[in-house]
**Q** 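One structure is given below, represented as structure tokens, and several questions about it will come after.
Proteins come first, then strands; the chains are lettered A, B, ... in the order of their sequence lines, and each starts at number 1.
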Number of protein chains: 2
Amino acid sequence: MPKIVDHGARRAELARAMWRVVYRDGVGAATVRSIAAEAGWSPSALRHYFATQTELLVFAMEHVQAEAAERIAADDRTGGPREVAQRILEQLLPLDRQRVREAEVWLLLAARAQTDPAARTRMADADDGIRRAAEFAVALLTGQPAADPEAVARLHALLDGLALHALLYPERMPPARARELLGAHLDTLVAS
Amino acid sequence: MPKIVDHGARRAELARAMWRVVYRDGVGAATVRSIAAEAGWSPSALRHYFATQTELLVFAMEHVQAEAAERIAADDRTGGPREVAQRILEQLLPLDRQRVREAEVWLLLAARAQTDPAARTRMADADDGIRRAAEFAVALLTGQPAADPEAVARLHALLDGLALHALLYPERMPPARARELLGAHLDTLVAS
DNA sequence: GGCCCGTGCCCAAGATCGTCGACCACGGCG
DNA sequence: CGCCGTGGTCGACGATCTTGGGCACGGGCC
């Protein structure tokens with residue numbers, strides 16, 4: 001077996017090239033050809049590591065999700081439950097330019113999930129991660145070991161709704177307003 | 001000026017053809033060619049009435065938004081504020097197959113709004129309609145003439161989040177659960 | 001009644017995209 | 001040293017939206 005290439009490393013390299021394109025030119029420029037050019041390969045070379053474009057998008061999203069999970073895990077949990085919960089959940093909102101770009105890819109995958117099973121399963125997995133964060137926050141705020149499923153689901157829907165609004169209508173939902181609304185909702189949880 | 005054609009009527013006819021395709025085959029089948037075939041025209045004929053595909057999608061979405069507004073206006077407002085608010089807001093959720101299909105188009109336009117200005121302005125207008133409904137519900141439930149903007153924005157985000165979850169994860173967020181979660185949120189509004 | 005010309009419509013082509021098949025090069029293994 | 005599988009490129013295919021050129025029809029004007 002000649003020309004042994006570390007597929008994992010090559011896939012990560014291609015994912016990095018994709019994010020460079022997305023950060024620079026937006027999600028609309030994330031074509032197979034442009035990403036291949038960014039990475040210095042021919043478009044066909046990508047097929048050795050990602051059979052389809054959706055696979056590349058999915059892999060790249062897994063990477064940023066892992067980063068978000070790492071940011072959350074790295075939180076030092078200082079301050080009251082209210083502050084900790086807010087800091088953690090804010091990691092899941094597109095509050096800066098980079099995370100806006102990432103949310104754009106998230107929205108693209110959401111639209112693609114209508115027809116593409118690979119995108120669908122990936123979205124479901126990301127959904128799990130957000131739900132777990134919401135569970136953690138609800139349990140933390142209410143002081144209960146088992147979070148109320150209804151409160152979790154409502155917080156989860158609010159989070160995705162805020163993310164969607166911040167993405168689609170940034171002038172109506174600037175980062176400060178998204179933070180403020182999230183905080184208001186958390187206040188209702190701690191009060192109950 | 002020969003061959004006088006009612007452009008408004010022709011546009012409505014094409015929009016109906018698009019919805020037939022979407023209802024039958026899903027949003028993925030809503031190509032210019034398939035819609036033209038459904039309407040019995042050549043793809044080029046569509047350009048006389050819609051310059052781009054996005055224009056057709058936008059026009060078709062305007063139609064279903066007007067229908068939703070009509071359903072809301074036609075509500076007889078019987079029952080307590082809690083029941084009225086729930087009935088009205090449920091009109092904005094994809095709780096049956098037809099509205100799921102419509103929400104699929106909504107999601108497609110949302111993704112397209114990232115790069116297409118026409119889709120962007122259309123989404124902003126639809127956003128206004130939902131916000132007004134949320135305002136109405138909050139004012140009705142709290143008994144205040146002026147709805148608390150923060151409560152409105154939170155309800156608005158929750159609504160779009162529920163719609164997104166019902167669309168992407170129908171097994172996790174079936175219609176009954178979406179109704180239930182909406183109701184739980186409305187309860188918190190009436191209590192305050 | 002007959003001729004213009006503008007509207008409506010189609011055909012074909014252009015541009016871009018994702019995907020695929022055929023082909024070449026290299027290099028580890030027998 | 002030769003085989004063959006892996007890595008890589010090129011070109012093409014099919015689908016898509018969009019566009020330009022051209023044809024036909026028919027209402028308005030003389």
**Q** Roughly how many Å is it from OH in A/Tyr49 to C1' in D/dG7, rounded to a whole number?
**A** 6 Å
**Q** Nearest to the B/Arg10 side chain among D/dT9, C/dC9, C/dC10, which nucleotide is it?
**A** C/dC9
**Q** Check whether any side-chain N or O of A/Arg82 sits under 3.5 Å from a backbone N or O of A/Gly183 as a donor-acceptor pair, and report yes or no.
**A** yes
**Q** Return a table of donor-acceptor pairs under 3.5 angstrom between the side chains of residues 8-17 of chain B and protein atoms on other chains or two or more places apart.
**A**
| from | atom 1 | to | atom 2 | distance (Å) |
| --- | --- | --- | --- | --- |
| B/Arg10 | NH1 | B/Tyr49 | OH | 3.2 |
| B/Arg11 | NH1 | B/Tyr49 | O | 2.5 |

**Q** Run the numbers on A/Arg154 and B/His185 for side-chain hydrogen bond (donor to acceptor under 3.5 Å, both in side chains), then give the verdict.
**A** CA-CA 7 Å; A/Arg154 283 203 291 136; B/His185 191 84; 3.0 Å; yes
**Q** Side-chain N or O of A/His48 less than 4.0 angstrom from OP1 or OP2 on D/dT9?
**A** no
**Q** Figure out the CH2/P separation between B/Trp41 and C/dG8, and round it to whole Å.
**A** 10 Å
**Q** Output one letter per nucleotide in nucleotides 15-21 of chain D: B when a protein non-hydrogen atom lies under 4.0 Å from the base, S when only the sugar-phosphate is that close, - when neither is.
**A** -BBSB--
**Q** Take B/Arg101 and B/Glu104 through the salt bridge (Lys or Arg N to Asp or Glu O under 4.0 Å) test and state the conclusion after the steps.
**A** CA-CA 5 Å; B/Arg101 295 298 200 189; B/Glu104 288 176 4; 3.5 Å; yes
**Q** Could you tell me how far apart A/Leu46 (CG) and D/dT9 (C1') are, to the nearest whole angstrom?
**A**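 Going from A/Leu46 (CG) to D/dT9 (C1'), I get 13 Å.
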**Q** Could you check whether A/Ala45 gets within reach of a base, just the sugar-phosphate, or nothing at all, counting any heavy atom under 4.0 Å?
**A** base
**Q** For residues B/His156 and A/His165, establish whether the separation of their ring centroids is below 6.0 Å.
**A**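 Yes: the rings meet the under 6.0 Å criterion.
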**Q** How close or far is atom P of C/dT19 from atom CZ of A/Phe50, stated in whole angstroms?
**A**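 It is 13 Å, rounded to the nearest whole Å.
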**Q** With sequence neighbours left out, what residues match A/Ser42 under side chain to side chain contact (heavy atoms under 4.5 Å, CB included)?
**A** A/Ser44, A/Ala45
